[in-house]
Structure formats: structure tokens, C-alpha cells
Number of protein chains: 2
Amino acid sequence: MADLLDFDSRPLLSLLPEGLAARLSAAATPVDYDDGETIHSRGDDKPGLSIIQSGAVRFAIPGADGSYITTSILGPGHCFGEAILFAHLPRAYDAIAVGETRVEQISKPRFDRIFDEEPALARLMLEATTQRLYAVLEFLDDVRRLPLLVRTAKMIAGMARSAKNAEEVECSQSDLAFTLGVSRVSIGKALSGLQDERLIVLGYGRIGVPDRAALDQWIADRTPLQALKRGE
Amino acid sequence: MADLLDFDSRPLLSLLPEGLAARLSAAATPVDYDDGETIHSRGDDKPGLSIIQSGAVRFAIPGADGSYITTSILGPGHCFGEAILFAHLPRAYDAIAVGETRVEQISKPRFDRIFDEEPALARLMLEATTQRLYAVLEFLDDVRRLPLLVRTAKMIAGMARSAKNAEEVECSQSDLAFTLGVSRVSIGKALSGLQDERLIVLGYGRIGVPDRAALDQWIADRTPLQALKRGE
DNA sequence: TTCAAAATGCTAAATTTTTAGCATTCTGAC
DNA sequence: GTCAGAATGCTAAAAATTTAGCATTTTGAA
């Protein structure tokens with residue numbers, strides 16, 4: 001279960017000019033985590049900014065029944081911890097490594113110093129945060145407007161976009177169900193539907209996307225109002 | 001239909017020190033809108049920051065059937081337009097005045113100048129944006145986890161918090177339905193249920209909240225995992 | 001005061017989704 | 001190769017939600 005969703009926003013690291021990225025990196029302590037290891041828990045309040053170097057981080061809340069509800073998964077280049085740095089909120093989610101994951105942690109004092117000395121950083125962090133905000137708002141709109149079949153297709157297309165192997169998405173149906181907030185039965189039905197349309201190929205723990213352009217087109221045909229959001 | 005939801009985040013204006021607020025105000029052009037007037041449309045790309053002085057602004061997308069799907073409503077002190085300023089996104093929503101509304105518009109060149117000269121502004125905008133991001137993420141979690149009855153209660157509690165008259169929320173059931181993304185029948189049923197629990201009193205275009213503490217407690221009893229998000 | 005528009009209350013059928021199983025298939029570790 | 005665990009496929013009943021009405025009440029403007 002990799003690249004589940006990073007809400008289609010550009011990672012902070014890809015926005016930073018080289019010098020700034022290097023300076024942040026120099027101030028950071030890299031920490032390695034094994035698959036499934038906890039990076040921080042809900043409620044922790046040790047402040048600092050974290051930047052994902054490799055691997056991915058899943059943010060989730062333990063459900064009443066012991067299962068985890070995944071809110072988002074961020075991949076390399078994305079940062080987290082802004083909430084605690086800027087908004088003075090406690091960690092709202094457990095953060096768990098997905099696969100071998102390296103995270104660079106920058107303590108609040110060090111980050112503050114760089115933030116104050118590098119005026120460009122503020123603008124870029126605002127860019128990253130704003131993009132995430134609007135990506136989440138779009139997702140929220142989708143939940144209210146689109147039938148599950150289309151939402152599922154969109155999610156898969158998004159995952160394919162950020163996957164290494166563009167032809168295939170590694171993700172179990174259960175994970176998809178959690179992420180979309182529906183039952184496994186419903187996801188199974190939606191996936192069957194998409195396979196019937198020849199848009200995806202179901203596998204074991206993976207979903208093949210033979211023709212991403214076709215998938216994108218199929219989605220676009222069913223979300224007429226969202227076209228301009230993608231920047232055209 | 002006022003104070004529908006501003007996603008429970010603190011408005012930017014309340015975060016700004018007096019001098020900074022004054023400087024922004026001096027650089028802005030105030031524009032008055034009548035109830036229902038369009039402030040901007042989806043797809044517009046004239047960049048600038050807008051700060052709501054009075055009234056409220058509804059952000060929505062016209063649905064295929066002519067109806068509007070409301071994403072959020074922001075009240076006095078909140079700003080909008082960051083997406084276009086920082087993330088280079090086109091306006092994703094129509095912005096429509098709710099009641100007599102005054103909005104201060106700051107052009108991009110003017111805003112950029114202040115932004116560059118006032119280092120404190122960046123941090124405060126990050127605070128406001130991050131708070132909104134996390135408020136939306138929480139709302140998204142709620143959609144997936146909580147039964148409609150509880151979600152409805154939460155929405156009403158949130159509206160009551162930002163309403164002028166704390167005992168009452170001005171909002172039609174149809175608006176509530178749109179905002180929560182469900183049908184009017186479902187909202188009607190949920191509201192009846194809450195009234196049966198003596199938590200609210202239904203009126204015409206309004207919902208009475210005789211005892212907000214009791215409502216908050218009822219919600220807290222049903223959302224055990226969310227307690228810490230409120231900052232305790 | 002009257003009246004049209006808006007909002008609510010209600011119903012019942014149709015649809016969607018969940019729940020709770022269980023059988024089967026696939027995978028990787030041993 | 002075997003085998004346990006993970007993942008999928010499938011079913012059917014139960015629950016929740018939507019759709020499409022229509023009647024009634026409330027409001028504010030003429």
C-alpha cells in the first residue's frame with residue numbers, strides 16, 4: 001500500500017530553490033523508520049517541521065473498533081507539522097511510516113530561525129499549504145456530488161499519477177475503502193464496474209491502469225464542472 | 001441564511017496586530033455588495049486578496065441542475081483569494097455575498113509589497129490557512145465516521161459558535177442539507193431527532209439552541225476521539 | 001389584509017450502502 | 001512445495017438515503 005493519495009498537491013520540497021532546501025536539510029536530523037513504525041501519535045505536541053525524504057507517511061486516527069481510518073498519505077518531498085508550528089494545534093493524527101521511510105526533522109527553534117531569515121520560505125510554504133487546502137476542498141466536493149464509481153476512478157487516477165510505475169497502483173481494496181470512507185463491498189462493486197468499462201485491471205493488492213489517458217477522459221466526461229480546477 | 005459554516009477557524013483579521021491590519025486596510029479598496037450579488041465567478045483570475053469586513057461570503061459551485069452546492073461560508077475577518085495569490089490556481093468557486101457585505105480588495109502588487117515588507121504577515125497567514133486546512137480535514141473525517149445525526153449536531157454547534165445571537169442559528173433546512181451534502185429529507189429527520197433529544201428547537205428558517213453547553217456535551221459523548229483536536 | 005413565495009412536514013417507493021458472513025484465490029515465508 | 005495469512009469475490013438481509021411527490025405553515029412584500 002503505497003501512494004494512496006497525497007491530495008494532488010505539489011510537495012513543498014519541489015517548490016524550494018536548491019539553496020533553501022539544502023539549508024533546511026542541514027538543520028535537520030534524519031530519522032529512519034521501518035514499515036508500520038509510528039512517527040508520532042495523536043496528541044503529541046513536540047513541535048517541529050518534518051520533511052519526507054523517501055518512503056511515505058500515513059496519517060490516520062484509530063477507530064473505535066481498532067481499525068485505522070486513513071486521512072491522507074504523503075509522499076517524498078511533502079512536509080508535515082505545520083499545524084503544530086503555525087496553528088498551535090496538537091498532532092491531530094497518528095503518523096505511520098509506509099515502507100522504509102526517511103524523515104528529516106527540524107526542531108522548532110531551528111526552523112523558526114531559517115523561516116525568519118529566508119523570506120522566500122514563507123511564500124513557498126503558503127503555496128504548498130494552500131494547494132493542499134484546495135485539494136482537500138475539491139475532494140470534499142467530490143464526496144458530495146459524485147457517485148462512488150466516479151470517485152473511485154478519480155482516486156485511482158490520482159494514485160497512478162504519483163505512482164512510480166504509472167501502469168499500476170499498489171493498493172488493496174480495503175485501503176481504498178478506508179480512504180474513500182466506504183465499505184469494502186461498495187469498493188468491490190465500483191472496481192468491478194470500472195473493470196467492465198475496461199478502464200482498470202484488477203489484481204491482487206494492485207490495480208492496473210493500462211491507459212491512463214482513457215481513464216482521465218472517462219472521469220472528465222463525468223465531472224464537467226471541475227475541468228478548470230486542473231488549470232486550463 | 002447567515003453564518004452557515006466557516007469551518008471553525010480563526011479569521012485572519014483577528015490574528016493581525018493592529019498596525020498590520022491598518023496597513024492592509026489602507027492598501028485596500030472597499031467594495032459593497034448586496035445580498036446575493038456575485039463577488040467573483042469560478043474561473044476568474046484577477047489576483048488579489050480579499051478581506052471580509054462585514055456580512056458573509058458563500059463559496060459555491062453551480063450544480064448541473066442549476067442549484068448551488070455550497071462549499072463554505074466565511075464571515076467577517078476571514079480572507080480569501082490566497083489560492084490565486086500563492087498557489088496560482090484560478091478561482092475554484094463562485095463567491096456570492098450573503099446579506100449586505102463589504103469586502104476589502106487588495107490588488108496583487110499592493111499585497112505583495114506589504115507581504116514582503118511585513119515579515120509577521122506570512123506567519124499569520126500560514127496560521128490562518130493551516131487552521132482552515134485542518135478544520136476541513138476534520139470535517140472530512142466526520143463525513144466518513146459520524147452518523148448524520150451527530151454531524152448535523154456538530155454543524156449546528158459550529159454555526160451557533162459564530163452566530164451573533166448564540167441562542168439561535170439562522171439557516172434553512174435546505175441550506176443545511178446542501179452544506180452537509182445530504183437530502184432535505186435526511187436533514188429533516190436528523191433535526192427531528194435532535195429536537196426529540198431537546199437539544200434544538202426548530203423554527204422557520206432558524207434553529208434554536210437553548211443550551212449550547214448541553215449540545216456540546218452531547219456531541220462530545222459521541223465523538224470521543226476528537227476531543228483533543230479542540231485543544232485540550 | 002392579502003397573497004405568493006419560501007420553508008417545513010410528511011409519505012412511500014426506489015436506490016444505495018452497510019453488515020456479516022463464508023468460500024476462494026493469491027502471495028511470500030519457511 | 002507447503003501453508004498460513006492476506007486479499008478478493010460473492011451473497012443476502014438490514015439499514016440508511018434519495019427521489020418525487022404533495023399538503024401545510026410561515027413570512028414578508030404589495
Side-chain angles (χ1 to χ4, degrees), chain A residues 1-2 4 34-36 63-70 98-99 142-153 155-156 168-196 200-208 222, chain B residues 1-2 4 34-36 63-70 98-100 142-153 155-156 159 168-196 200-208 222:
Chain A
M1 46 200 178
L4 203 40
D34 288 331
D35 181 49
D65 56 352
S67 70
Y68 265 85
I69 306 278
T70 298
V98 179
D142 289 347
V143 168
R144 301 191 238 183
R145 312 171 64 116
L146 299 181
L148 183 56
L149 193 67
V150 182
R151 257 189 304 146
T152 306
M155 179 67 68
I156 292 170
E168 192 171 79
V169 169
E170 273 189 41
C171 171
S172 76
Q173 295 187 10
S174 304
D175 286 333
L176 246 188
F178 272 138
T179 308
L180 283 166
V182 297
S183 70
R184 194 169 60 79
V185 175
S186 298
I187 279 292
K189 196 180 161 193
L191 290 175
S192 298
L194 292 174
Q195 184 166 250
D196 290 347
I200 61 174
V201 180
L202 295 180
Y204 185 86
R206 72 197 67 242
I207 296 165
R222 282 154 187 82
Chain B
M1 46 196 177
L4 201 39
D34 288 332
D35 181 48
D65 55 352
S67 70
Y68 266 85
I69 305 280
T70 299
V98 179
E100 303 275 303
D142 289 347
V143 168
R144 301 191 240 181
R145 311 170 64 115
L146 299 180
L148 183 56
L149 193 68
V150 182
R151 258 189 303 148
T152 306
M155 179 67 68
I156 292 170
M159 292 190 299
E168 193 170 79
V169 168
E170 275 189 40
C171 172
S172 76
Q173 295 187 10
S174 303
D175 286 333
L176 246 189
F178 272 137
T179 307
L180 284 167
V182 298
S183 70
R184 194 169 61 79
V185 175
S186 298
I187 279 293
K189 195 181 161 193
L191 290 174
S192 297
L194 292 173
Q195 185 167 242
D196 290 347
I200 61 173
V201 180
L202 295 179
Y204 184 87
R206 72 197 66 241
I207 297 166
R222 283 154 187 80

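In what follows, chains carry the letters A, B, and so on, assigned in the order in which the sequence lines appear, proteins first and then strands, with residues in each chain numbered from 1. These values consider heavy atoms only, across backbone and side chains, with no hydrogens, waters or symmetry-generated copies. All values derive from a computational prediction rather than experimental measurement.
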Can you check the [X] [atom1] to [N] [atom2] distance for me, whole Å?
{"X": "A:Arg145", "N": "D:dT18", "atom1": "CZ", "atom2": "C1'", "answer": "17 Å"}
{"X": "B:Leu202", "N": "D:dT24", "atom1": "CG", "atom2": "C1'", "answer": "16 Å"}
{"X": "A:Leu146", "N": "C:dT17", "atom1": "CG", "atom2": "P", "answer": "12 Å"}
{"X": "B:Leu149", "N": "D:dA15", "atom1": "CG", "atom2": "P", "answer": "17 Å"}
{"X": "B:Leu148", "N": "C:dT18", "atom1": "CG", "atom2": "C1'", "answer": "16 Å"}
{"X": "A:Gln195", "N": "D:dT8", "atom1": "CD", "atom2": "C1'", "answer": "12 Å"}
{"X": "B:Arg144", "N": "C:dT18", "atom1": "CZ", "atom2": "C1'", "answer": "17 Å"}

What distance separates [X] [atom1] from [Y] [atom2], expressed to the nearest 0.5 Å?
{"X": "A:Met155", "Y": "A:Leu180", "atom1": "CE", "atom2": "CG", "result": "4.0 Å"}
{"X": "A:Phe178", "Y": "A:Gln173", "atom1": "CZ", "atom2": "CD", "result": "13.5 Å"}
{"X": "A:Ile187", "Y": "A:Arg151", "atom1": "CD1", "atom2": "CZ", "result": "8.5 Å"}
{"X": "B:Asp175", "Y": "B:Glu170", "atom1": "CG", "atom2": "CD", "result": "11.0 Å"}

Residue list, salt bridge (Lys or Arg N to Asp or Glu O under 4.0 Å) with B:Arg206, at least two apart or on another chain: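 So B:Arg206 forms a salt bridge (Lys or Arg N to Asp or Glu O under 4.0 Å) with B:Glu168.
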Nucleic acid contacts of residues 184-194 of chain B, taken as heavy-atom distances under 4.0 Å to DNA chain C: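 Result for residues 184-194 of chain B: B:Arg184, B:Val185, sorted by number.
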Whichever of B:Ser174 and A:Val182 has its nearest DNA chain C nucleotide further upstream toward 5':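 Its nearest nucleotide lies further toward 5', so the answer is B:Ser174.
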Taking the side chain as C-beta and beyond, is there a heavy-atom pair between [X] and [Y] under 4.5 Å?
{"X": "B:Ile156", "Y": "B:Leu194", "result": "yes"}
{"X": "A:Thr152", "Y": "A:Val182", "result": "no"}
{"X": "A:Leu176", "Y": "A:Leu191", "result": "yes"}

Where at least one partner belongs to residues 183-194 of chain A, residue pairs that pass side chain to side chain donor-acceptor pair (under 3.5 Å), sequence neighbours excluded: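 Residue pairs with at least one partner in residues 183-194 of chain A: A:Ser183-A:Ser186.
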D:dG9 phosphate, OP1 or OP2, under 4.0 Å from A:Gln173 side-chain N/O: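 Looking at the OP1 and OP2 atoms of D:dG9, one of them is under 4.0 Å from a side-chain N or O of A:Gln173.
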side-chain contact (heavy atoms from CB on, under 4.5 Å) involving B:Asp34 - partner list, sequence neighbours excluded: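 Partners of B:Asp34 by the side-chain contact (heavy atoms from CB on, under 4.5 Å) criterion, ordered by chain and then number, come out as B:Glu37, B:Glu100.
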Bend angle of the helix from C:dT1-D:dA30 to C:dC30-D:dG1, end axes from five pairs each (to 10°):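 The value is 40°.
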Nucleic acid footprint by protein, nucleotides 25-30 of chain D - heavy-atom cut-off 4.0 Å, B for base, S for sugar-phosphate alone: -BS---
